[in-house]
Each structure stands twice: as C-alpha cells, then as structure tokens.
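Okay, structure first, notes after.
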There are 2 protein chains.
Amino acid sequence: MGVRKLAVTVIEHSFVLQSGELLSRWVEAFPSAVAVAADGVGVSEELLLWVRIPQGQSPELLLGSIKRRVNVNTKLIALSDTPNDDEGLACLSAGASAYINTHATPEALRQVAEVVGQGGLWIGASLMQRLLRSSVALVATQPTTKNKLHVLTGREREVAEAVARGDSNKEIAKQLNITERTVKAHTASLFEKLGVRDRLQLALAVNAQRYL
Amino acid sequence: MGVRKLAVTVIEHSFVLQSGELLSRWVEAFPSAVAVAADGVGVSEELLLWVRIPQGQSPELLLGSIKRRVNVNTKLIALSDTPNDDEGLACLSAGASAYINTHATPEALRQVAEVVGQGGLWIGASLMQRLLRSSVALVATQPTTKNKLHVLTGREREVAEAVARGDSNKEIAKQLNITERTVKAHTASLFEKLGVRDRLQLALAVNAQRYL
DNA sequence: GTAGATACTGTACCTTGGTACAGTAAAACG
DNA sequence: CGTTTTACTGTACCAAGGTACAGTATCTAC
C-alpha cells in the first residue's frame with residue numbers, strides 16, 4: 001500500500017467520485033488507489049487527487065471547491081467521460097494539473113501521474129495544439145513587431161494607430177489634415193517596415209501588442 | 001540497437017548537433033542514440049529527432065529547415081542549454097513537439113520521449129502556465145463572445161474567424177471550399193448583423209471579444 | 001405544403017486600398 | 001555644403017473589397 005503514517009494519513013492516489021466505484025483500469029494502474037466522496041477530501045492528505053467530472057456539471061465549481069480544501073501541494077487531475085477542449089481548458093484554468101479521458105489506459109494514467117507528480121502539467125495533443133494556435137501567434141508576433149515598431153517615424157505611428165482603430169484612409173487624412181495620398185504613402189511605408197501585406201494585418205499586429 | 005532495416009535505415013533517437021559529441025546523459029537515457037549534423041538529417045528515417053538549439057541562434061530557422069527535410073511523422077524535440085519561455089515558444093511554434101533543458105536527467109528525457117512518441121506534446125510547467133494565462137482568458141470569455149455572436153450561423157462564424165485572422169476573401173474561399181462570391185455573401189451578412197462597415201472593423205470587433 | 005432559414009452561386013458595378021513612378025520642401029547630420 | 005530622412009503631394013492603374021439584384025437547393029418548422 002502506498003500509505004504512510006504522518007500527522008495525517010497520506011494517500012497517494014485518491015479518486016473523487018460522485019457515485020459508483022473505482023474503475024478497474026484505475027486499480028490496475030494504481031493498486032493503492034482509494035475512492036473518496038467530493039465532500040470527503042482534505043481529511044487525509046492526498047498527493048494526487050483524481051477528480052471525475054460529472055456529466056454536464058461545471059468543472060470550475062467542483063474543482064474550485066475541492067482545491068480550497070486540500071493541501072497546496074496536492075495535485076488535481078481531472079477525468080472526463082467525454083473530453084473536449086473547452087471542458088479541458090476549464091479544468092486546467094480551475095487549477096487541475098492534467099485533464100484526460102476517464103477511460104484512458106492504465107499506462108496512460110501512470111504516465112500522467114508521473115508527469116504531474118514531478119510538478120508538470122499534462123495536456124492532450126488536441127487541446128495543446130489549440131492553446132498553441134491561439135497564443136503562439138500572439139506572442140510570436142510580439143518580438144517581431146515590437147522590434148520594428150521603434151523604427152517608425154512619428155507620423156507613421158499616428159497613422160498606424162488610426163489604422164489599428166479601423167479608420168479608413170479618408171478618415172485618417174481628415175484627422176491629420178493631410179491628403180489621402182499621403183496617408184497611402186505612410187501606410188505603404190508601414191507595410192514595408194512591419195512586413196505585413198495590408199491594413200488589416202497591420203491592425204492585427206498593432207493590436208496584438210496591446211494584449212500580452 | 002533501436003535500428004531496423006527498411007527501405008531506409010530507421011533511427012529511433014537522433015541527436016542533431018552543431019559540433020561536439022553526444023552527452024553522456026543522452027546515451028544513458030537512450031543507448032541507441034546517434035549523433036548527426038544539421039545538414040545530415042533526412043538521410044535516414046528518424047523517429048525522434050533531438051535538436052540542440054545553438055546559443056543565440058534562431059530556433060525557428062533551424063527547426064524550420066530541419067522540419068522541411070524530414071519525414072512528416074518524425075517528431076522534433078528541442079534541447080536548450082539555457083531554456084526560457086520565449087525560446088520555448090519559438091521552438092514549439094516552429095513545430096517542435098517538446099522543449100526541455102539540454103542537461104535534463106535521463107529519466108526526464110525518457111519521459112519526454114514517451115509522451116512525444118505517443119503523439120503528445122511536452123511543455124514545461126513555466127511555459128505552460130504562461131500559455132494558460134494568455135489563452136485561458138481567451139476561452140473563458142467565450143460564452144461572452146457567443147452572446148454577441150450567437151445570432152451568427154455556423155458558416156458565418158467560420159468566416160468571421162478567418163477575417164479576424166486577417167485572411168483575404170480568396171484565402172477564405174479556398175479554406176472553406178466555396179467561391180469568393182459566397183464569402184462575400186457571408187461577410188456582407190456579418191457586417192449587417194454585427195453593425196460594422198468593413199472587414200477591418202469586423203476583425204477588430206471579433207478580436208476585442210477575445211481579450212477582455 | 002408552404003414559409004423561413006441556411007448555404008451557395010452568378011453578373012454587374014462602384015469604392016477603397018495598394019502600388020508604380022515622380023516630384024517638392026524642410027530639417028538633420030556629417 | 002551636400003546627402004539623408006521625414007513629410008507631403010500628384011497622376012495613373014489594377015486588385016480587392018463591398019453592394020445591388022437575382023437565383024437555386026436543402027432542410028426545418030408550423
């Protein structure tokens with residue numbers, strides 16, 4: 001048994017269940033696994049707390065309430081019967097260290113436990129790709145654009161700001177008291193300097209700086 | 001040896017090095033490991049390609065050029081002597097499946113190989129937290145986004161997303177396998193429904209929902 | 001079965017954006 | 001002093017975006 005005596009009992013693998021029993025694959029993966037009700041956590045000191053997310057319930061609430069009652073170094077692992085990216089993200093942002101299918105193979109479960117036990121986070125490929133897609137572009141463009149923003153002249157910066165607000169050339173011309181032709185000259189210069197192809201991408205690049 | 005004969009030689013663990021030799025911990029982790037020069041990849045068929053990122057060099061370029069020459073199912077793992085989040089992000093967005101310290105323990109290396117070998121991605125806790133911070137907000141606000149965008153049809157939402165990325169009508173048409181004319185129909189409908197006048201303002205509106 | 005929503009496409013036309021080629025004028029720097 | 005940088009403008013042309021008017025094909029709901 002992976003149970004040691006301290007001030008309180010330390011349990012290596014605790015499975016939080018709404019109802020029902022431990023699945024056979026969990027026991028297969030961790031013979032020392034024990035089941036516990038949602039309101040029974042925090043009595044012993046758990047190392048890894050596997051939480052089965054009930055269908056159609058908010059993962060944030062459940063995980064949040066559990067997290068408040070357990071030791072700070074207890075790691076939460078969310079188990080989902082029907083995993084999807086949104087739920088996974090919710091679980092991870094609620095403080096879970098991993099998010100996987102309830103019916104994952106014992107080998108997979110052990111791998112997750114390994115990673116999480118060493119302080120890591122475990123995320124499936126699908127969700128990971130999504131995370132990367134959404135924030136890599138954002139962060140990846142940052143150095144590129146940022147490095148180049150300081151080479152802009154004062155006027156170019158003004159025009160860039162206006163474009164980033166969604167203004168048309170005509171509007172920008174009126175704002176700056178110059179002709180539309182001159183605005184075009186500035187935008188052309190901006191595209192060149194910032195390596196973008198049109199005003200839309202310029203706007204996105206400039207705005208990307210604001211966030212992050 | 002983890003080497004099998006096929007049409008070409010298949011190597012399980014290949015380490016791409018600028019100069020020098022295999023580190024002892026690499027050999028300890030993978031006795032079958034072989035070293036290869038950056039321009040020597042793709043000759044054999046590698047399964048896992050460990051790439052040591054040279055100091056102060058752009059990971060994107062190196063990984064990009066390597067990725068172009070290897071088999072599609074070859075997994076790249078970036079090794080960094082001085083890991084940091086920015087470099088890690090660069091490596092991952094350049095197509096690496098993992099990013100870890102060059103001098104990680106053999107156990108850690110094997111763990112990474114395990115995860116990546118099963119199609120997963122491996123990211124350290126620090127970088128992961130950063131990714132979560134920047135994109136959790138994003139998806140956490142999704143319900144809000146949906147509130148404003150719930151009047152949109154499925155197709156309209158797809159087009160809106162593409163516009164928000166800065167894609168042109170032609171590009172969107174190709175992506176969705178429809179004519180440019182149909183894209184225009186969708187965008188026109190989007191302008192109307194969301195009360196914006198052109199694609200630039202649509203992009204800003206959609207993106208504004210994401211951050212906040 | 002008919003009305004409405006969704007998705008798709010065509011022709012035509014006008015507007016806006018972007019670029020090529022060209023030039024003036026003032027300030028800045030060596 | 002001359003060269004470079006910044007700011008500005010003109011004419012002209014083409015591509016992309018956007019709109020008007022119109023039509024077909026599903027599918028769902030009453």
Side-chain angles (χ1 to χ4, degrees), chain A residues 84 86 137 141 144-210, chain B residues 142-210:
Chain A
N84 64 72
D86 285 316
T141 56
T144 331
T145 335
K146 196 180 206 171
N147 286 340
K148 293 172 182 169
L149 268 193
H150 76 288
V151 301
L152 300 184
T153 67
R155 212 52 161 167
E156 283 168 350
R157 217 168 288 123
E158 289 182 85
V159 174
E161 292 296 330
V163 171
R165 277 195 303 271
D167 297 350
S168 70
N169 285 342
K170 192 171 291 186
E171 289 169 333
I172 298 172
K174 191 170 283 183
Q175 287 166 31
L176 302 182
N177 268 312
I178 54 180
T179 65
E180 207 177 326
R181 176 63 190 83
T182 307
V183 177
K184 285 185 174 184
H186 289 308
T187 55
S189 173
L190 284 166
F191 302 154
E192 162 99 60
K193 283 185 176 177
L194 300 179
V196 295
R197 72 175 175 211
D198 55 30
R199 66 197 302 102
L200 177 46
Q201 301 212 331
L202 170 63
L204 294 175
V206 171
N207 279 299
Q209 309 257 297
R210 307 206 190 301
Chain B
Q142 207 174 23
T144 327
T145 312
K146 272 177 181 160
N147 281 345
K148 280 214 174 180
L149 302 184
H150 74 97
V151 288
L152 303 184
T153 67
R155 212 49 163 169
E156 284 168 350
R157 216 168 290 124
E158 289 182 85
V159 173
E161 292 295 332
V163 171
R165 278 195 302 271
D167 297 349
S168 69
N169 285 342
K170 192 171 293 188
E171 289 169 332
I172 298 171
K174 192 169 281 183
Q175 286 166 31
L176 303 182
N177 266 313
I178 54 181
T179 65
E180 208 176 326
R181 175 64 189 83
T182 308
V183 176
K184 285 185 175 185
H186 289 308
T187 55
S189 174
L190 284 166
F191 302 155
E192 162 100 58
K193 283 185 177 178
L194 300 179
V196 295
R197 72 175 175 211
D198 56 29
R199 65 196 302 103
L200 177 47
Q201 299 209 331
L202 170 62
L204 294 175
V206 171
N207 280 298
Q209 304 270 310
R210 300 217 188 295

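As a basis for the values below, the full set of heavy atoms in this structure was taken, side chains included, without hydrogen atoms, waters or symmetry mates. Numbered from 1 within each chain, the chains take letters A, B, ... in sequence-line order.
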**Prompt:** D/dT9 phosphate, OP1 or OP2: any side-chain N/O from A/Thr179 under 4.0 angstrom?
**Reply:** yes

**Request:** Could you tell me whether the phosphate oxygens of D/dA7, OP1 or OP2, come under 4.0 Å of any side-chain nitrogen or oxygen in A/His186?
**Result:**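 False: A/His186 side-chain N/O out of range (4.0 Å or more) of D/dA7 OP1/OP2.
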
**Request:** Find the distance between NZ (A/Lys174) and CG (A/Leu176) and round it off to the nearest 0.5 Å.
**Result:**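 Spacing of NZ (A/Lys174) from CG (A/Leu176) equals 12.5 Å.
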
Residues in salt bridge (Lys or Arg N to Asp or Glu O under 4.0 Å) contact with [X], at least two apart in sequence or another chain:
| X | answer |
| --- | --- |
| A/Glu158 | A/Arg155 |
| B/Lys193 | B/Glu156 |
| B/Glu171 | A/Arg197 |
| B/Arg181 | none |

Return the value, rounded to whole Å, for the distance between atom [atom1] of [X] and atom [atom2] of [N].
| X | N | atom1 | atom2 | value |
| --- | --- | --- | --- | --- |
| B/Leu152 | C/dA7 | CG | C1' | 15 Å |
| A/Ile172 | C/dG18 | CD1 | C1' | 13 Å |
| A/Leu190 | C/dG17 | CG | P | 14 Å |
| A/Arg157 | D/dT5 | CZ | P | 17 Å |
| B/Ile178 | C/dG10 | CD1 | P | 12 Å |

**Request:** Go through the structure and list residues passing side-chain hydrogen bond (donor to acceptor under 3.5 Å, both in side chains) with B/Thr182, not counting sequence neighbours.
**Result:** B/Thr179

**Request:** Check every strand shown and say whether B/Thr182 touches a base, only sugar-phosphate, or nothing at a heavy-atom separation below 4.0 Å.
**Result:** base

**Message:** I need a per-nucleotide contact map over nucleotides 17-30 of chain D, read 5' to 3'. Cutoff is protein heavy atoms under 4.0 Å; write B for the base, S for backbone only, - otherwise.
**Reply:** BBBBBB--------

